[in-house]
Amino acid sequence: MNDGVVFLNQNLFWPVIIVGLVLMAVFVWKEWSQRAEGRFWLKLVAAFLAIVSLMLIVLKPSTYQDSVRGKGIVLTDGYRSSQLDSLKSIYKRIKTEEYSKGRTLSLLTEVDSIFLLGHGLEPFDFWQVENKSVAFLGSDEMEGWIVISRNNEMILGEPLEIRAKYAKPKAGHWAILADNTENPLDSVFFEETNAQMVTLSAEPKASGQFVYHLLEKNGDGEVLSNEPVPIQVKEGRPLKILMVNTFPTFETKYLKNFLTEKGHEVLARIQLTKGKYKFEYFNGASGTIYGFTSENLKDYDLLIIDTDSYTSLGRASKEAMEEISASEGLGIFIQADEGLFRLSERQSPFRFNRDYVTEIALGQPVHTLPKYPYAFQQNLRTQEILMDSVVVAAYLPIQKGKIGTTLLQNTYQLILDGKETLYARIWTKILNTIAREQETAVVWRSLTQIPKLDEPFEFELQTLLTDVEVTTEEGARIPLLQDILIPGKFTGTVYPRKTGWNQLQVANDSISPWFYFVYDDGQLQNIHQSELRNANHQKFGSSSTFDDLKSVSKKELQAITPFWFYLILLLSLGWLWLEPKLSS
């Protein structure tokens, strides 16, 4: 099947036609004296065929032909040999190529459908198979660390918590969190199971850039695996906190002590009788606050208020509190009691559903905590605060600020039970989420999950600065791509030249540099392969068949073989050479 003839050298069409006509005219003029003889017409036909053949050789006529390209196999790390043998037994002489990241696959010019075996392609190489039908067959299940979750940045004084998942652990082995010199800080015993989640914790003693280690050891103490866990610990700014209660409670007492020990400036107001209050000052706090005004609330980062005090606020105090939260970012935390869950929509911004669940489980090892038998109603405004995948609190945004509360009850019992670390985790998570956010000139975010040496590392930054220029620590300038819809949002790509901690800096500015960690090729290998496999599943699906829309027949231009043109040219020129000799 074809759709007519197309000349590949279409741009030479008219020049070739003109030259052909000129050659034909010269031949006729040369032989015109023999026009009365019969051989003149034979020579004229031979010359015409020679010139036309020569013209077609130059123009290269082609036709559109149905072309079905074949199937191919691309092998990536972790492919199963049995799977490859099975495919080769079904598809004889199928083209096969091993993938190397960053290198163009040569077989893609010859196939339109590929079997992708192993962990898959790197995301930055997906463009190579954009117009191909891909059947991603995956790889064997992996063993070892496949998830390591933690906050890359934390505030000094917060507990460091690492949640990790180990595939196919062996009973008798240990998961150990160690410091930079591999001194053990916490450990968990492995059990015989398909996969085990472990939670390890520590408490950094100084600020800076640190590299912890997640170790696996056998019963003899031999290190079987060692994965780096980079953490940046920043000096936290002390919060200015106002606590307001109608009467003292154990919950307030222990929370106040916790905040004071962390160095926060706390002013506590406790109502003694109607119109009479007791004030307590910690870490430099001063002053007295009776009614709320915009002036006396504007300097605070967080207001902790019990339910009775919140519901008894006058209209002017409540409006001042909400106005400062909206305009200045004041965080408001309502200490829950049974009365909070019975308030009307006019009295409380929160809505609850009774779920009759009175306990939740947190921590590792698991510890149960009492909670109120309610759950937050799901809506667009409610933002849940999770710990260990369990809802412990929620907040509602109020422009720049937030108002939140918790479902937990009597958390001070954790301290009495010797669970100070879990208590600190809970309240640090809740209050840091709700408190006024510290404004920074530049907000950075890593878009590449596991930065590797000499591979593209993508990052994003948002800023209100103008004429932003980002440089590496060596002084190299990084081109930035500005977001069309958000002018202050930029993305960039850099190729790290060293492993370990690297930094980026906003040029010609006093802003502190941003640090990111670059891994060796052998580090986080299982995690990288697990993420790679997930990315390929999302891109290509998990079907073992091809997409018919991409593997159907295609029409391609195929040049008509020039053999016949050369043959006609040779015969015609041969006749023109031989004819005078025969006549003589």
field: Parallel, tilted or perpendicular: ring planes of Phe136 versus Phe540, cut at 30 and 60 degrees
entry: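 Because their plane-to-plane angle lies in the 30° to 60° range, the rings of Phe136 and Phe540 count as tilted.
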
Aromatic plane relationship, Trp501 with Phe515 - under 30° parallel, 30 to 60° tilted, over 60° perpendicular: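 Because their plane-to-plane angle is over 60°, the rings of Phe515 and Trp501 count as perpendicular.
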
Which residues satisfy the side-chain contact (heavy atoms from CB on, under 4.5 Å) test with [X], sequence neighbours excluded?
X	value
Gln399	Ala326
Thr448	Phe457, Glu458
Ala336	Leu340, Phe341, Tyr372, Thr405

Would a distance-only check, ignoring hydrogens and angles, find a side-chain to backbone donor-acceptor pair under 3.5 Å from [X] to [Y]?
X	Y	result
Thr406	Val392	yes
Thr311	Thr307	yes
Gln335	Ile304	no
Lys402	Thr433	yes
Asp125	Leu121	no

Between [X] and [Y]: side-chain donor-acceptor atoms closer than 3.5 Å:
X	Y	answer
Thr491	Asp483	no
Thr252	Thr249	yes
Glu384	Gln378	yes
Arg163	Ser149	no
Glu323	Ser327	yes
Ser344	Gln347	yes

Should [X] and [Y] count as an ion pair when the cut-off is N to O under 4.0 Å?
X	Y	value
Arg436	Asp299	no
Glu460	Arg445	yes
Glu280	Lys256	yes
Lys371	Glu359	no

task: Using the side chain to side chain contact (heavy atoms under 4.5 Å, CB included) rule, take Leu302 and Leu431 through it: C-alpha gap first, then chi angles, then the decisive distance, then the call.
output: CA-CA 8 Å; Leu302 180 64; Leu431 298 183; 3.9 Å; yes

message: Counting only heavy atoms not in Arg354 (residues, nucleotides, ligands), do more than 12 fall under 6.0 Å from its CZ?
response: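 Yes, CZ of Arg354 has more than 12 neighbouring heavy atoms, counting only those of other groups under 6.0 Å.
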
Locate the shortest heavy-atom distance separating [X] from [Y]; write the atom from each residue and the value.
X	Y	result
Glu420	Ile415	OE2-O, 3.9 Å
Arg269	Val244	NH2-CG1, 3.3 Å
Ile270	Pro248	CG2-CD, 3.7 Å

- prompt: Between Lys400 and Glu437, does a side chain to side chain contact (heavy atoms under 4.5 Å, CB included) hold up when you go through it step by step?
  reply: CA-CA 8 Å; Lys400 287 186 176 182; Glu437 295 182 359; over 6 Å; no

query: Tell me the ring pair (Phe, Tyr, Trp, His ring centres under 6.0 Å) pairs involving residues 196-217, sequence neighbours left out?
result: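 Listed by first then second residue: nothing to list.
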
query: Step by step, would you call Phe459 with Tyr516 a ring pair (Phe, Tyr, Trp, His ring centres under 6.0 Å)?
result: CA-CA 10 Å; Phe459 63 91; Tyr516 65 98; 7.9 Å; no

Using a 3.5 Å cut-off and no angle test, enumerate the donor-acceptor pairs between side-chain atoms of residues 281-288 and protein atoms at least two apart in sequence or in another chain.
| from | atom 1 | to | atom 2 | distance (Å) |
| --- | --- | --- | --- | --- |
| Tyr281 | OH | Gly287 | O | 2.8 |
| Asn283 | ND2 | Thr260 | O | 3.1 |
| Asn283 | ND2 | His264 | O | 2.7 |

- prompt: Under 6.0 Å between the ring centres of Phe333 and Trp427?
  reply: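 For Phe333 and Trp427, the ring centres are under 6.0 Å apart.
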
task: Can you measure from CD1 (Ile430) to CG (Leu408) and round to the nearest 0.5 angstrom?
output: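 So the CD1 of Ile430 and the CG of Leu408 are separated by 5.5 Å.
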
- prompt: Just how far is it from atom OG1 of Thr368 to atom CG of Leu362, taken to the nearest 0.5 Å?
  reply: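 Reported value, rounded in 0.5 Å steps: 9.5 Å.
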
- prompt: Would Leu504 and Ile478 satisfy side chain to side chain contact (heavy atoms under 4.5 Å, CB included), going step by step from the backbone distance to the final call?
  reply: CA-CA 9 Å; Leu504 299 176; Ile478 302 172; 3.5 Å; yes

message: For Tyr519, does the six-membered ring have the charged nitrogen or CZ of Lys452 within the cation-pi criterion, i.e. under 6.0 angstrom from the centroid and within 45° of the normal?
response: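 The answer is no; the distance or angle limit is not met.
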
Validation: residues 166-179 side-chain donor-acceptor distances under 3.5 Å, sequence neighbours left out:
| from | atom 1 | to | atom 2 | distance (Å) |
| --- | --- | --- | --- | --- |
| Tyr166 | OH | Glu216 | OE1 | 2.6 |
| Tyr166 | OH | Glu216 | OE2 | 3.0 |
| His173 | ND1 | Glu216 | OE2 | 3.0 |
| Asp179 | OD1 | Thr181 | N | 3.0 |
| Asp179 | OD1 | Thr181 | OG1 | 3.0 |
| Asp179 | OD1 | Glu182 | N | 3.1 |
| Asp179 | OD1 | Asn183 | N | 2.8 |
| Asp179 | OD2 | Asn183 | ND2 | 3.4 |

